[in-house]
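Here the structure comes first, spelled out in structure tokens, and everything after it is commentary.
All values below were derived from every heavy atom in this structure, side-chain atoms included, with hydrogens, water molecules and symmetry-related copies excluded.
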Amino acid sequence: MRGTAGWSGPLAGVRVIDFTRVLAGPAASLALADLGAEVFKIEPPGTGDETRSFPPIRDGESHYYLAVNRGKKSIVVDLKTPEGLALVKDLAAQCDVLVENYRPGVMERLGLGWEELHAANPRLIYCSISGYGQTGPLRDRPSFDIVLQAMSGALSMNGEAGGLPTKLGIPLGDLVGGINGPIGVLSALYERERTGEGRHIDISLMDGLMGMLGYIAQLAFFTGSDPQRVGSQHPNLVPYGIFPAREGSIVIACLTPGFWARICRSIGREELAEDPRYDTLEKRRDAREEVNAIIADFTARHCVDELAAIFTAHEVPHAPILGVSEALAQPQAQARGMVVETEHAVLGTIPIVNRSIRFTDAEQPVPEAPPVLGQHTDAILAEVLDLSPERIAMLRSAGIVA
């Protein structure tokens with residue numbers, strides 16, 4: 001086993017300068033922090049990241065900011081001053097990765113664009129995350145999660161048949177940046193080991209959601225028609241979706257012929273597995289209403305706990321529909337350590353969602369709490385840029401840092 005005492009993750013020693021705000025960019029730098037990178041979050045004086053003011057707020061701290069900024073270090077610098085700009089350029093020269101999610105062109109206007117920083121630090125990996133990417137006719141258009149869901153085709157697929165489209169419950173349009181951004185950074189870090197050179201990464205959130213269409217896109221290619229909304233059901237697999245229970249409902253998913261046979265046995269209708277009306281995926285799809293009615297007739301006569309016991313015994317894919325609090329408190333989440341407590345500088349002991357990537361040969365420490373505004377300004381200036389206390393005090397008194 002590798003020595004892992006004090007190990008923070010496989011990216012230990014990697015420094016990230018973070019010019020992100022709100023959700024898409026912070027989700028990307030959060031993933032890097034979770035993997036052990038040291039992340040320096042650059043925030044403007046006074047307000048910091050806009051999400052610090054998003055309600056609900058407790059003791060001056062926003063739930064939204066807390067959600068995606070654990071494990072980072074906050075440094076407040078006024079980028080509108082020449083001195084502040086020079087400080088972050090010096091900091092970027094000491095970093096391996098830069099992540100930003102301003103609109104295309106903003107970082108260039110600040111004097112922090114890829115070309116300029118790459119010239120000063122050729123090893124720097126520069127990850128730009130934006131709604132539509134750095135090119136194309138929409139590159140300068142503002143975008144938010146629901147806009148991206150609409151433009152990517154994802155929104156058109158979500159909702160009940162015959163009704164209006166419904167936004168996805170989680171902001172996947174933004175969060176896809178927290179997936180693709182780190183993938184790009186990690187691959188560029190690997191490439192840099194061979195070439196010694198950094199690279200500019202162009203992450204489009206719309207591209208990312210389109211990439212997640214998966215078989216839905218291929219279905220449109222195959223049929224020449226847009227897949228239609230089917231609510232919680234599957235366009236081609238039956239039974240698949242939400243079924244009524246006594247005092248509740250339950251999810252059942254049948255992906256293969258083998259699972260269809262198990263479902264039939266579990267509801268006491270074993271003969272249906274060989275019934276020529278339902279014995280193929282295509283036949284069950286075409287008889288969707290009949291098949292769903294058979295399943296629903298059984299499930300409606302049992303409570304959720306009874307159904308869970310029956311389907312577990314027959315190895316049928318199923319799940320109760322848990323609320324967020326119940327999901328976070330369930331035994332599986334507890335066994336995986338998905339909720340941990342950490343010490344916040346203002347709020348004291350708080351629960352946070354833990355890292356979702358684990359390594360079997362080591363236990364990473366509990367993530368540090370999201371920082372209060374400017375919590376690490378002095379430490380970063382002293383430890384990374386080697387500034388004296390007197391110089392830091394002067395910068396602070398001039399309002400360049402805070």
Worksheet item: What residue pairs, at least two apart or across chains, pass salt bridge (Lys or Arg N to Asp or Glu O under 4.0 Å) with a residue in residues 239-260?
Response: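 As it turns out, the salt bridge (Lys or Arg N to Asp or Glu O under 4.0 Å) pairs with a partner in residues 239-260, which skip direct neighbours, are R246-E306.
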Practice prompt. Could you name each residue pair satisfying salt bridge (Lys or Arg N to Asp or Glu O under 4.0 Å) that touches residues 285-295, not counting sequence neighbours?
Written response: none
Worksheet item: Taking only residues two or more places apart in sequence, or in another chain, which ones meet H376 in a ring pair (Phe, Tyr, Trp, His ring centres under 6.0 Å)?
Response: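 Testing H376 for ring pair (Phe, Tyr, Trp, His ring centres under 6.0 Å), a comparison that skips the adjacent residues, returns none.
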Practice prompt. Not counting sequence neighbours, which residues clear side chain to side chain contact (heavy atoms under 4.5 Å, CB included) with V339? List them please.
Written response: L328, P351
Using the test side-chain hydrogen bond (donor to acceptor under 3.5 Å, both in side chains), find all partners of [X] that sit at least two apart in sequence or belong to another chain.
X    : result
H63  : none
D174 : none
E315 : none
D207 : S204

Item to complete: Taking salt bridge (charged side-chain N to carboxylate O under 4.0 Å, His left out) as the test, write out the residues that go with R141, two or more places apart.
Response: none
Worksheet item: Listed by chain and number, what are the salt bridge (charged side-chain N to carboxylate O under 4.0 Å, His left out) partners of K283, not counting sequence neighbours?
Response: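 With sequence neighbours excluded, K283 shows a salt bridge (charged side-chain N to carboxylate O under 4.0 Å, His left out) to D279, given in chain and number order.
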Which pairs of donor and acceptor atoms, one on a side chain in residues 82-94, lie under 3.5 Å apart (sequence neighbours left out)?
residue : atom : partner : partner atom : Å
K89     : NZ   : E116    : OE2          : 2.6

Discussion item. To check you understand the geometry: which heavy-atom pair defines the closest contact between R52 and Y65, and what is its length?
Written reply: NH2-OH, 2.7 Å
Determine all donor-acceptor pairs shorter than 3.5 Å in which one atom belongs to a side chain in residues 158-166; sequence neighbours excluded.
residue : atom : partner : partner atom : Å
N158    : ND2  : T166    : O            : 2.7

